[in-house]
Structures are given as C-alpha cells and as structure tokens.
Undergrad: 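First, the structure itself, so that you have it in front of you.
The first residue in the sequence is number 1, and the count goes up from there.
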Amino acid sequence: MRGDREFRKVRQHGVVVRDPLFTLRLTEYRPRYGETWRPRAIFGIVVPKKSLRRAVDRNRARRRVREALRTLPGGLPPCRAILMPNPSILRAPFGDVQAALMKALAKAPGRVKGRKGGGNLRTSGAVSNGVTSEGPTP
C-alpha cells in the first residue's frame with residue numbers, strides 16, 4: 001500500500017482479526033481511482049518501534065511476514081490489509097506463522113462490517129458478484 005490515505009481507509013473501515021502473533025486489519029479490494037479492476041491482495045506491514053525496539057528485529061519480523069504471505073499454499077484473497085506483527089513472531093516456527101495467517105485470512109474476507117458473529121467464507125480467491133446471503137446456510 002502507498003500513502004497515508006490508503007492506510008487510513010483500511011484503519012477506518014477494516015475488520016480486525018487478532019492473533020497471538022499479529023493483528024490483521026483488512027477490507028475488501030477496491031481499485032484506486034482510475035485504476036483498472038485487477039483483484040489482488042495489497043498488504044502494508046507495520047512494525048512499530050514501541051513493540052520491537054531494535055531495527056534488526058523490526059526488519060526480521062517484516063521479512064518473516066512477507067515470506068509467509070508469499071508462500072501461503074492457498075494464495076491470498078483479494079483485499080487491502082494492514083498487518084502488525086507482535087514480538088512473539090520472531091520466536092514462532094515459520095509453519096505456525098503461516099498457519100495463523102491462513103486461519104486469519106479465512107475468517108476475515110467474507111465478514112461484513114457491523115455484523116456480529118460468523119461471516120461468509122469465500123473459496124480460494126473467488127470474486128463475488130455483489131450478492132450476499134445473510135445468516136448461516138443450511
């Protein structure tokens with residue numbers, strides 16, 4: 001993601017998924033003004049100095065998260081997201097980081113802002129045609 005405006009939009013309208021390894025805030029994919037429709041995942045990785053003081057640790061956390069996102073087996077759903085890793089991400093095995101990311105991404109893409117409870121799940125990056133169903137399916 002580029003620019004404060006995009007980060008602000010995700011912070012204001014995004015759905016939050018918390019995990020012991022990170023906090024993920026994401027919204028559905030929408031192209032920028034004048035941009036063609038190419039559904040893809042756009043991530044911003046934010047590692048504050050407050051949580052990881054040393055630059056070496058911040059860079060290592062950023063690299064681990066980037067590699068885990070890049071090598072996810074199911075791919076990434078189309079979305080805009082901000083990922084904030086916690087200090088525990090440095091000590092966690094790489095497989096656990098990937099599993100936690102897959103679990104968080106599976107929860108969040110179909111969730112609608114303002115609804116309580118479970119959301120609809122999309123299958124492997126499928127783009128919906130704007131029709132949603134409310135409530136659980138029988």
Side-chain angles (χ1 to χ4, degrees):
M1 288 197 315
R2 290 184 288 178
D4 186 47
R5 176 182 268 176
E6 289 184 40
F7 278 91
R8 196 176 324 121
K9 282 182 183 179
V10 174
R11 281 190 197 108
Q12 288 174 351
H13 304 292
V15 176
V16 178
V17 178
R18 286 183 175 38
D19 191 81
L21 298 176
F22 55 83
T23 301
L24 179 67
R25 185 179 294 263
L26 68 147
T27 61
E28 62 186 20
Y29 171 78
R30 289 190 182 156
R32 294 186 190 109
Y33 179 76
E35 188 178 70
T36 59
W37 178 263
R38 290 186 325 205
R40 61 186 192 266
I42 301 171
F43 276 79
I45 302 169
V46 179
V47 188
K49 283 185 181 179
K50 193 172 188 177
S51 63
L52 290 169
R53 296 240 182 245
R54 297 178 345 155
V56 171
D57 294 336
R58 289 193 303 273
N59 291 335
R60 183 166 178 244
R62 204 173 289 122
R63 283 193 310 269
R64 288 195 86 195
V65 167
R66 197 177 301 133
E67 184 64 17
L69 287 169
R70 189 181 73 78
T71 59
L72 277 179
L76 296 170
C79 64
R80 288 188 188 272
I82 298 173
L83 196 138
M84 294 179 20
N86 295 335
S88 59
I89 205 157
L90 296 175
R91 294 181 305 277
F94 190 73
D96 292 352
V97 174
Q98 279 190 317
L101 281 169
M102 283 181 17
K103 187 172 135 186
L105 288 170
K107 276 187 207 175
R111 292 173 67 181
V112 178
K113 185 180 177 218
R115 272 185 48 199
K116 301 289 183 198
N120 302 328
L121 295 178
R122 289 191 191 153
T123 57
S124 67
V127 179
S128 68
N129 59 0
V131 179
T132 59
S133 62
E134 294 296 322
T137 53

Undergrad: Please find the pair of heavy atoms, one from Pro20 and one from Ser88, that lie closest to each other, and give the distance.
TA: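 For Pro20 and Ser88, the tightest heavy-atom pair comes out as O-OG, 3.0 Å.
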Undergrad: Find out whether Met102 and Pro73 are in side-chain contact, i.e. whether some heavy atom of one side chain is under 4.5 Å from a heavy atom of the other.
TA: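 When only atoms from C-beta onward are counted, Pro73 and Met102 do touch, with a gap below 4.5 Å.
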Undergrad: So Val97 and Ile89, do their side chains get closer than 4.5 Å, heavy atoms only?
TA: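 They are in side-chain contact.
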Undergrad: Of all the heavy-atom pairs spanning Ser51 and Pro87, show the shortest one and how long it is.
TA: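 Heavy atoms only, the tightest pair is O-CG, 3.5 Å.
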Undergrad: Less than 4.5 Å apart, side chain to side chain, heavy atoms only: is that true for Ile45 and Arg66?
TA: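 The answer is yes; the side chains approach within 4.5 Å.
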Undergrad: Give the minimum heavy-atom separation between Asp4 and Arg11, together with the two atoms involved.
TA: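 Closest approach of Asp4 to Arg11, heavy atoms only: OD1-NH1, 4.4 Å.
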Undergrad: Got a second to check how far Arg64's CZ is from Asn59's CG, nearest 0.5 Å?
TA: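 The distance works out to 14.0 Å.
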Undergrad: So how far is it from Arg60 CZ to Arg54 CZ, rounded to the nearest 0.5 Å?
TA: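 These two atoms lie 10.0 Å from each other.
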Undergrad: Let me confirm one number: the CZ-CZ distance from Arg70 to Phe43, rounded to the nearest 0.5 Å.
TA: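 Rounded to the nearest 0.5 Å, the CZ-CZ separation comes to 14.5 Å.
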Undergrad: Tell me the closest heavy-atom pair linking Leu52 and Ala61, and the distance in Å.
TA: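 Answer, listing the atom of Leu52 first, then Ala61: CD1-CB, 3.9 Å.
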Undergrad: Could you go through the side-chain contact (heavy atoms from CB on, under 4.5 Å) check for Leu90 and Asp57 one step at a time?
TA: CA-CA 8 Å; Leu90 296 175; Asp57 294 336; 3.8 Å; yes
Undergrad: Between Phe22 and Leu101, does the side-chain contact (heavy atoms from CB on, under 4.5 Å) criterion hold? Intermediate values first, please.
TA: CA-CA 9 Å; Phe22 55 83; Leu101 281 169; 3.8 Å; yes
Undergrad: Working to the nearest 0.5 angstrom, can you tell me the gap between Asn86 CG and Arg18 CZ?
TA: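 Asn86 atom CG to Arg18 atom CZ measures 10.0 Å (nearest 0.5 Å).
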Undergrad: Rounded to the nearest 0.5 Å, how far does CZ of Arg25 lie from CD of Gln12?
TA: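 The CZ atom of Arg25 is 10.0 Å from CD of Gln12, to the nearest 0.5 Å.
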Undergrad: Does the side-chain contact (heavy atoms from CB on, under 4.5 Å) test come out yes or no for Leu105 and Leu24, once each step is laid out?
TA: CA-CA 9 Å; Leu105 288 170; Leu24 179 67; 3.9 Å; yes
Undergrad: List the steps, then state whether side-chain contact (heavy atoms from CB on, under 4.5 Å) holds for Leu83 with Val46.
TA: CA-CA 6 Å; Leu83 196 138; Val46 179; over 6 Å; no
Undergrad: Residues two or more places apart in sequence or in another chain: which of them pass side chain to side chain contact (heavy atoms under 4.5 Å, CB included) with Gln98?
TA: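 Partners of Gln98 by the side chain to side chain contact (heavy atoms under 4.5 Å, CB included) criterion, ordered by chain and then number, come out as Ala68, Thr71, Leu72, Phe94.
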Undergrad: Let me confirm one number: the SG-CG distance from Cys79 to Leu26, rounded to the nearest 0.5 Å.
TA: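 One finds 5.0 Å between SG of Cys79 and CG of Leu26.
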